[in-house]
Amino acid sequence: MATDFPVQSVLVTGSNSGIGLGLVKQFLRLATPPQWVFATTLDMDGPKTKEIKELACQHQNLVVLQLDVTDLQSIKAAVEQVQRCVGECGLNLLMNNAGVISGYDLEEENAKDMADVYAVNTIGPLQVSQAFLPLLKMAAQRYPQEGLSCCKAAIVNTSSAAGSMEVMHLWESRKVVAYRCSKAALNMLTKCQSLTYPAYGILCVCIHPGWVKTQGMQEADLTVEESTRGIIHVLSTLSEVDNGTFVDWEGRRVPW
């Protein structure tokens with residue numbers, strides 16, 4: 001476990017359950033926890049949000065925000081709330097984790113499903129990154145050290161080896177064409193970000209969390225705890241040599 005990961009502020013989208021919730025818990029457990037951990041949920045009053053709200057009662061540095069990554073007004077409101085907390089320190093780490101696993105095989109895939117999945121998994125991270133860019137720039141400018149790191153300023157996009165054209169992870173058991181296409185597009189978005197944002201001091205990577213036992217995935221081979229503990233360790237080690245790469249929860253490169 002990487003106990004030495006002194007990141008000042010982090011925002012994790014889609015963190016009311018699954019991997020997102022696991023990541024928030026890992027950040028709170030760090031030897032030096034972030035001054036601010038922002039957790040976002042689609043529905044502040046939904047039953048799935050109960051656990052993250054209870055956590056916020058126990059941790060003063062945890063703030064739960066409503067965020068719909070497909071809604072520009074919702075994104076703008078979240079940015080304003082974060083800005084009120086962090087002030088001129090900015091936001092160090094943005095984790096675009098919110099996503100939907102949906103899709104069919106080639107015979108049944110349809111335009112509406114493709115568009116809905118793409119809106120959350122690809123356009124969502126684009127819009128959220130654009131909106132938080134000023135706060136990420138602010139954090140990068142204030143950071144004392146040269147180079148790139150997740151402690152300075154970073155965008156980390158949760159992708160999947162299911163979106164890797166070479167790996168085609170779990171193709172035999174789960175075709176989910178819409179999901180695969182959305183994650184392949186997210187990988188390209190990350191690459192585009194990695195060629196643009198380092199000029200502002202912002203590191204950009206995408207990460208494959210492994211096949212994790214989340215809702216409806218009980219046959220998977222990794223627990224949320226194992227995956228998120230690994231992700232936190234990987235994030236603590238990333239530098240400019242990793243900018244624009246696709247890595248997994250153990251830090252191994254994933255083919256595009």
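The chain is numbered in sequence order, starting from 1.
- In this structure, Asn61 and Leu28 have side chains that are in contact, with non-hydrogen atoms separated by less than 4.5 Å.
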Let me see the working for Val117 and Val176 under side chain to side chain contact (heavy atoms under 4.5 Å, CB included), right down to the final yes or no. CA-CA 10 Å; Val117 173; Val176 289; over 6 Å; no

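- Annotation for Met168: atom CE counts as buried by contact number, over 12 foreign heavy atoms lying within 6.0 Å.
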Side chain to side chain contact (heavy atoms under 4.5 Å, CB included) evaluation trace for Leu11 with Leu65: CA-CA 10 Å; Leu11 183 142; Leu65 307 173; 4.2 Å; yes

Decide side chain to side chain contact (heavy atoms under 4.5 Å, CB included) for Cys89 and Arg142; before the verdict, give the C-alpha distance in whole Å, the side-chain angles of both, and the deciding distance to 0.1 Å. CA-CA 7 Å; Cys89 293; Arg142 291 178 66 91; 4.2 Å; yes

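- A donor atom on one side chain and an acceptor atom on the other are found under 3.5 Å apart for Asn121 and Ser182.
- With Asn243 contributing its side chain and Ser194 its backbone, the two residues share a donor-acceptor pair below 3.5 Å.
- Atom-to-atom distance recorded for Leu203:CG and Ser239:OG is 8.0 Å, nearest 0.5 angstrom.
- Using the six-membered ring where Trp is involved, Tyr200 and Tyr197 have ring planes that are tilted, between 30° and 60° apart.
- Separating the CG atom in Asn157 from the OG1 atom in Thr190 is a distance of 4.0 Å, to the nearest 0.5 Å.
- Aromatic ring orientation, Phe27 versus Phe5: tilted (interplanar angle from 30° to 60°).
- Atoms CG and CG, from Leu136 and Leu93 in turn, are 8.5 Å apart once rounded to the nearest 0.5 Å.
- Looking at Glu109, its side chain does come within 3.5 Å of a backbone N or O of Ala178 through a donor-acceptor pair.
- Between Asn187 atom CG and Cys206 atom SG the span is 4.0 Å, to the nearest 0.5 Å.
- Remark: Glu250 engages Arg252 in a salt bridge (Lys or Arg N to Asp or Glu O under 4.0 Å) (not counting sequence neighbours).
- By the criterion of side-chain heavy atoms lying less than 4.5 angstrom apart, applied directly or through intervening Ile, Leu, Val, Met, Phe, Trp or Tyr residues, Val156 is grouped together with Ile232 in one hydrophobic cluster.
- Checked for salt-bridge contact, Lys175 and Glu107 miss the test: no charged N lies under 4.0 Å from a carboxylate O.
- Taking both residues in full, the closest heavy atoms of Phe246 and Ser164 are given as CE2-CB, 4.4 Å, listed atom of the first, atom of the second, then distance.
- Residues Asp113 and Ser102 are in side-chain contact: their nearest non-hydrogen atoms beyond the backbone lie under 4.5 Å apart.
- Note that CD1 of Ile231 is 9.5 Å distant from NE2 of His208, once rounded to the nearest 0.5 Å.
- For Glu146, the CD atom sits in a loose shell: 12 or fewer heavy atoms of surrounding residues, nucleotides or ligands are nearer than 6.0 Å.
- Linking ILVMFWY side-chain heavy atoms closer than 4.5 Å, directly or via other members, places Val37 and Val63 in two distinct hydrophobic clusters.
- Looking at heavy atoms from C-beta onward, Gln127 lies in side-chain contact with Leu72 at the 4.5 angstrom threshold.
- By the 4.0 Å N-to-carboxylate-O rule, Arg29 lies close enough to Glu225 to be salt-bridged with it.
- Side chain to side chain, Ser9 and Asn92 meet the donor-acceptor criterion of an N or O pair below 3.5 Å.
- Taking 4.5 Å as the limit, some side-chain heavy atom of Thr245 sits within range of a side-chain heavy atom of Arg253.
- Cluster annotation: Leu67 and Val64 are assigned to distinct hydrophobic clusters (Ile/Leu/Val/Met/Phe/Trp/Tyr, side-chain heavy-atom contacts under 4.5 Å, transitive).
- Counting only distance, with no hydrogens or angles, the side chain of Ser227 and the backbone of Leu222 share no donor-acceptor pair below 3.5 Å.
- In this structure, Lys152 is not positioned above the aromatic face of Tyr143 in the sense of NZ or CZ being under 6.0 Å from the six-membered ring centre and within 45° of the axis.
- Taking both residues in full, the closest heavy atoms of Leu148 and Glu240 are given as N-OE1, 2.9 Å, listed atom of the first, atom of the second, then distance.
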Applying side chain to side chain contact (heavy atoms under 4.5 Å, CB included), run through Leu55 and Lys25 and close with a yes or a no. CA-CA 9 Å; Leu55 261 184; Lys25 288 177 178 176; 3.8 Å; yes

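- No hydrogens or angles considered: a donor-acceptor pair under 3.5 Å links the side chains of Ser129 and Asn96.
- In this structure, the side chain of Thr41 does not engage the main chain of Gln66 through any donor-acceptor pair within 3.5 Å.
- For the residue pair Ser15 and Val24, the shortest heavy atom distance occurs at CB-CG2, 3.7 Å.
- Under a cut-off of 6.0 angstrom, the local environment of CD in Glu51 is sparse, with at most 12 non-hydrogen atoms contributed by other residues, nucleotides or ligands.
- A heavy-atom distance below 4.5 Å is not found between the side chains of Val82 and Cys85.
- Through side-chain heavy atoms spaced under 4.5 Å, either directly or across other Ile, Leu, Val, Met, Phe, Trp or Tyr residues, Leu126 is tied to Leu186, Leu189.
- Under a hydrophobic clustering in which Ile, Leu, Val, Met, Phe, Trp and Tyr are joined whenever their side-chain heavy atoms come within less than 4.5 Å, directly or via other members, Met138 and Leu133 fall into the same cluster.
- Shortest non-hydrogen contact noted between Val120 and Thr70 is CG2-CG2, 3.8 Å.
- Between Asp221 and Trp211 the shortest heavy-atom distance is OD1-O, 3.1 Å.
- Environment of CD in Glu166: sparse, with no more than 12 heavy atoms of neighbouring residues, nucleotides or ligands closer than 6.0 Å.
- Although no hydrogens or angles enter the test, the distance criterion places a donor-acceptor pair under 3.5 Å between the side chain of Lys53 and the main chain of Met44.
- Of all the heavy atoms in Pro125 and Thr122, the pair that sits closest is CD-O, 3.3 Å.
- Put simply, the side chain of Asp105 gets close to the backbone of Glu108: a donor and an acceptor are under 3.5 Å apart.
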Could you check Glu80 against Arg84 for salt bridge (Lys or Arg N to Asp or Glu O under 4.0 Å), going step by step and ending with a plain yes or no? CA-CA 6 Å; Glu80 287 169 358; Arg84 278 199 291 273; 5.0 Å; no

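- Without hydrogens or angle criteria, Asp68 side chain to Leu42 main chain gives no donor-acceptor distance under 3.5 Å.
- Ion pair Asp71/Lys76 not flagged as a salt bridge, since none of the NZ, NE, NH1 or NH2 atoms sits closer than 4.0 Å to an Asp/Glu carboxylate oxygen.
- With hydrogens and angles disregarded, no donor-acceptor distance shorter than 3.5 Å links the side chain of Thr49 to the backbone of Asn16.
- Here the CG atom belonging to Leu94 is positioned 6.0 Å from the CD1 atom belonging to Ile155, to the nearest 0.5 angstrom.
- Side chain of Thr196 to main chain of Cys192: a donor-acceptor pair is present (N/O by atom type, distance under 3.5 Å, no hydrogens or angles).
- Residues Val79 and Ile123 are members of separate hydrophobic clusters, defined by side-chain heavy-atom contacts under 4.5 angstrom among Ile, Leu, Val, Met, Phe, Trp and Tyr.
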